[in-house]
Amino acid sequence: MGFILISLIILIGITSYFLGNLRAKNLRTSNQKNLKSLSHYYGYYVALWAVVPALLILLMITSFKSFFIEQYVLSDFIALGSYTETELSLLFTQIENTAMGIKLFDENTILIDGAVNKLNYINKTSENLTYVTVLGFSGLLVLYSIFNINHKLNSRKIVEKFLLVLYFTCSLVAIMTTVGIIFSLLYETLRFFSQVPITDFLFGLNWSPQRVFVREAGDLDTRDLANAFGAVPLFAGTFLIALIAMCVSVPVGLLTAIYMSEYASPKVRDWAKPIIEILAGIPTVVYGFFAALTVAPLVRDIGQGAGLTVSSESALAAGFVMGIMIIPFISSLSDDVIKSVPQSLREGSYAMGATKRETIVKVLLPAALPGIVGSFLLAVSRAIGETMIVVMAAGLNAKLTANPLDAATTITTQIVVILIGDQEFDSPKTQSAFALGLTLFVVTLALNFIALQVVKKYTERYD
Amino acid sequence: MKSIKIKADNLNVYYGEKQALFEVSMYMEEKQVTALIGPSGCGKSTFIRCLNRMNDVIDICKVQGKIEIDGNDIYAPDMQVEQLRERVGMVFQKPNPFPKSIFENVAYGPRIHGIAEHKSDLEEIVVTSLKKAALFDEVKDRLSDSGTSLSGGQQQRLCIARAISVNPDIILMDEPCSALDPIATARIEELMGDLKTEYTIIIVTHSMQQAARVSSRTGFFHLGKLVEVDKTEAIFSNPSDQRTQDYITGRFG
Amino acid sequence: MTDRIEQRINSLNKRLNSEKRFRIYCIGAMSFALAWVLILFLNIFSSGYSAFYRTVIQVDVPFLNLIEDTTQFSEMSSEDINNLSMYSFSKKAIYRLFPDIEEKKDKKMLIRLFSIEFEQEIREFLKSNKSNINETETIYLTASDDVDQVNKGNYPRDLDEDKRRIKDIQLLFFDDLVDRGLVSYEFNLPFLMRGDSREPELAGVGGSIVGSLFTILVVLILSFPIGIFAAIYLEEFAPKNRVTDFIEININNLAAVPSIVFGLLGLGIILNTFGLPRSTPLVGGIVLSLMTLPTIIIATRASLRAVPPSIREGALAVGATKMQAVMHHVVPVAMPGALTGTIIGLAQALGETAPLLLIGMVAFVVDVPQTPLDASASLPVQVYLWSESAERGYVEKTSATIMMLLGFLILMNLAAVLIRRKFETKW
């Protein structure tokens, strides 16, 4: 239904464009006076009136339709007052299925039959109602706007104003997204913390949400909840794997950056830099597959050959592969920063008789340090937020450990594990995933903010 | 006559295909100030950068010919350029102190060459160098401040102190005052008068008046050739070449 | 004095040596990084290329035994052929490969050499060639996944029999068939066309290709206009006030938010509040658009900024309004840069997995989706799903899927680079 309606609206829009255009041209020739804008702007003017309000109305109707329909169909049940929200939702789905002919109830009660009838009725009428409302509105507005066209009307101004508002609204999408993220995370997190104290979450040492069974939302035994949502093992695991990743990427990335900016010929730099940046463009699921299938068994075999106990989902394997992925973050950013240190500093150092290494280590790196540190922070932020590599290669068991040969789990892994199964939306288990998400969001944002500040505050400006 | 410190012999320098210096031969006396003058692009900066092999930093630059310092060819294959630059210091057109403290700027040279390692030895060197560069009194209370926080003239004196810190024989100055105001310029010129008692100074300058003020010998470069080199008074009052005459009287450049 | 000089010479040599070592460390680091690019690609390629062809076994099928006059097939409709009972006929055709075996157990093992769909394959052959069926036809039937892997040499044949799925007698059959020249390879078109399956040999990547396509389409339709418009506003029209600053800060922040958070956003708001269908490319596309928007906005702004003011001024001087100057003159010039940024953003979206997992695009989809409102998976999600399976057949398919994913990404990035090279004007 939606597509047909939208196509019709567009059709009306196109027609009204021509109508408006025509009217404007007629007006000009009949009165010999010039209009305030070119005629095609009048066409757009009418078309906008035809299309935009209609689309907005359609959007509103579609968004709220399901809510109103559900309320209407279940009105008898709601009046009884003995059903919870989840039960009502379930009931509605059952009624929908019954209306489609699927036999769910052995014997339909009067209420259910009544509800099914209401559903059928409202589905039919709402479709007709929507068509009438939207198209009617559109038609009326077309007429209104066409008659509105006269010599005083500067439609170009109106059309341009509309475009400006449109562009502005688009730029608001960024804010709306952030608001959406914060709202959805915060909402579920607050519900979570109403059942599990925040101190348990931030400082608890035991993470095993699978243990929590929810029968009815009110039936929850607080003893079940205590000691099941301690996120410290997750923080530790995230930290451990990120640390391993940085141990790989920092030396490799920094030395690579130094080579590319100071030693390599421009030709070498021209192909080496893009190739290394490929590492950042490879989808993380590929790294995860590689880590799980090739690296983790290799690490385990080598470790066992050396007589150590190595898990087949070692933090080392996941962290190592993650480190490889992060190399370009450090190498490319640091390379740019080092290159931007003015040549005069290099010459000053060489003129003193310093070797290239001394110049790099004692003059260039300290001068580029804020930018380099910024790149480290961004890399860490990326490592913490990484999901697929750890989901596929790191462990699912939340064990608190500092041993890289052990399995460890991260914040992101747990979010996926919790949400990928069947969810009951009111359970603390699902809500804990959002709490984890909020933690992640805040930490990465803070890291990025600090990175920006460090670069801004400490970068020397060479005028 | 003073002894010869630096001797350039038939020097040809190329940037890629383009030749920048043509058969330049001249000598520079010990513990004297020799000035190099000429219009923009005449090759004087290129020449002075040959004296401490700074042109090595530029890939496409090729140097042919001989430059001897104290009789040793500095382009000989066994010459370590780091050692050369310990003996031949340089001050650049735009002051380029490192983004470190004033102390660290001056201590940089002695540290890397292993001249001093202990804090007390370094301190002595830093203080001496700053004094010789006529900067110590102004910064003695704030040696840990950043070198870039000084004024332009002070920064340039800091660069001079830095060059002095490794006790070179020769100090090259590539238009050291062109980025400074007249007062700072005057101070540096005054400083040069003191420095020349200890160091051989070669200075490239755009200002003929400056050359006349500070140097004892002057070389005039034009389009990559050394046109004329003689005692300063001779160059300015009685030049032998017409081109020199034209430049000095302001006909061009 | 000479002592001191010797000390100085030593220290100089130490410095020169440490210079050489340092340079070697740096080259080593860069080689390490480059090597891993190579290792990754080689590893994926070597384990994945074999998925593009599959083992087939040549079987002579005596259609004469099904119906006396084979010309009658040409008059049957497809539905008639579908209704023909062909199961035991098909089995008998296979038994003909080894006419001497009698034990039911062995016969069952022989059938198991072929894919589960052997009857269906014979039926399809009949349907497509019904006008021209000879008494006996040679059909190439798909081998089972185990046989396929054995043929490709991926299967550990020397394990004990009870530790592997393929039995000794099946290996005997197989080796004999190979000797008789009846085992060959064929381009694995079904792999590219079909949806997922529980049987590795039948599993195809077609469903996820279409799923990815729909998702990227949705992302393009949503994020391209919104991104361009937002960039135009911010770069050309926005006043320098706190609201604008706030918008810019938001955009830069969003570019750095981990992708899984967008998945949570999708789950929390898009599915619950708006009630859109789960597991569909529509919702996946909406979530990924939000992720891609900052990339497009930042890239477009950069290319708008690169347009010299003289162009704007020239237009204004002729009497154009600001909007006209921007839309008619500045934006077209900045378009290549905006397109490049969009393509790069789309490439990133193509490879995203985590947000799609959360909004449920992990459907085990057997049918290739027809519209963006059908449940489906995407290429990277398919990689994730298959990598969780233990069967060997899935390993090569997963690698092959990765190859295709990387192939698309390389194409897209090349396109971006080409556009940039061809249309970018140097001012």
Side-chain angles (χ1 to χ4, degrees), chain B residues 51-59 69-90 98 100 104-126 128-129 162-171 198-199, chain C residues 1-38 240 245 248-249 251-253 255-256 298 301-302 305-306 308-310 337 340 413-414 416-418 420-427:
Chain B
L51 300 181
N52 67 346
R53 289 182 59 173
M54 273 309 279
N55 283 329
D56 288 6
V57 173
I58 302 171
D59 282 330
I69 297 184
D70 286 339
N72 298 316
D73 180 8
I74 64 173
Y75 280 92
D78 61 340
M79 171 62 77
Q80 292 295 352
V81 76
E82 289 85 11
Q83 260 183 326
L84 171 66
R85 293 175 186 157
E86 195 186 339
R87 296 180 53 203
V88 183
M90 190 169 211
F98 302 133
K100 298 173 185 280
E104 283 302 324
N105 262 281
V106 185
Y108 181 72
R111 266 197 224 273
I112 57 172
H113 288 287
I115 297 175
E117 268 148 24
H118 298 298
K119 191 83 193 286
S120 45
D121 297 330
L122 283 172
E123 260 177 37
E124 204 186 305
I125 296 180
V126 169
T128 316
S129 310
R162 183 176 72 188
I164 292 177
S165 66
V166 291
N167 210 11
D169 299 336
I170 303 166
I171 301 180
E198 273 187 70
Y199 310 97
Chain C
M1 203 49 184
T2 38
D3 215 14
R4 181 101 174 91
I5 293 183
E6 212 183 286
Q7 187 189 36
R8 296 296 305 283
I9 292 182
N10 276 341
S11 112
L12 180 62
N13 282 333
K14 261 193 359 198
R15 290 165 63 203
L16 292 175
N17 282 335
S18 98
E19 162 76 25
K20 287 197 198 110
R21 278 201 312 266
F22 185 69
R23 199 196 152 111
I24 292 180
Y25 293 153
C26 289
I27 291 190
M30 196 172 88
S31 316
F32 180 79
L34 290 172
W36 277 100
V37 179
L38 200 65
K240 288 254 170 272
D245 284 344
E248 287 181 357
I249 294 178
I251 291 179
N252 289 327
N253 279 344
I298 293 175
R301 283 192 73 177
R305 226 173 285 146
S310 52
T340 308
N413 277 297
L414 269 178
V417 170
L418 282 175
R420 185 165 35 202
R421 286 250 175 96
K422 178 151 191 224
F423 291 104
E424 205 165 49
T425 23
K426 299 270 182 206
W427 301 103

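None of these values were measured; they are calculated from a predicted model. Convention: sequence-line order gives letters A, B, ...; per-chain numbering from 1.
Note that the OG atom of B/S129 and the CD atom of B/E124 stand 10.0 Å from one another [nearest 0.5 Å]. Here the CD atom belonging to B/Q80 is positioned 9.5 Å from the CZ atom belonging to C/R15, to the nearest 0.5 angstrom.
Across B/R53 and B/A76, no two heavy atoms sit closer than the pair NH1-O, 4.2 Å. The minimum heavy-atom distance linking B/K100 with B/N105 is given by the pair O-ND2, 3.3 Å. Among all heavy-atom pairs drawn from B/I69 and B/V88, the shortest one is CD1-CG2, 3.8 Å.
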(message) Between C/N252 and C/I298, does the side chain to side chain contact (heavy atoms under 4.5 Å, CB included) criterion hold? Intermediate values first, please.
(response) CA-CA 8 Å; C/N252 289 327; C/I298 293 175; 3.8 Å; yes
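Residue-level contacts of residues 106-116 of chain B with chain C, in order of numbering, are B/I112, B/H113, B/I115; threshold 4.5 Å between heavy atoms.
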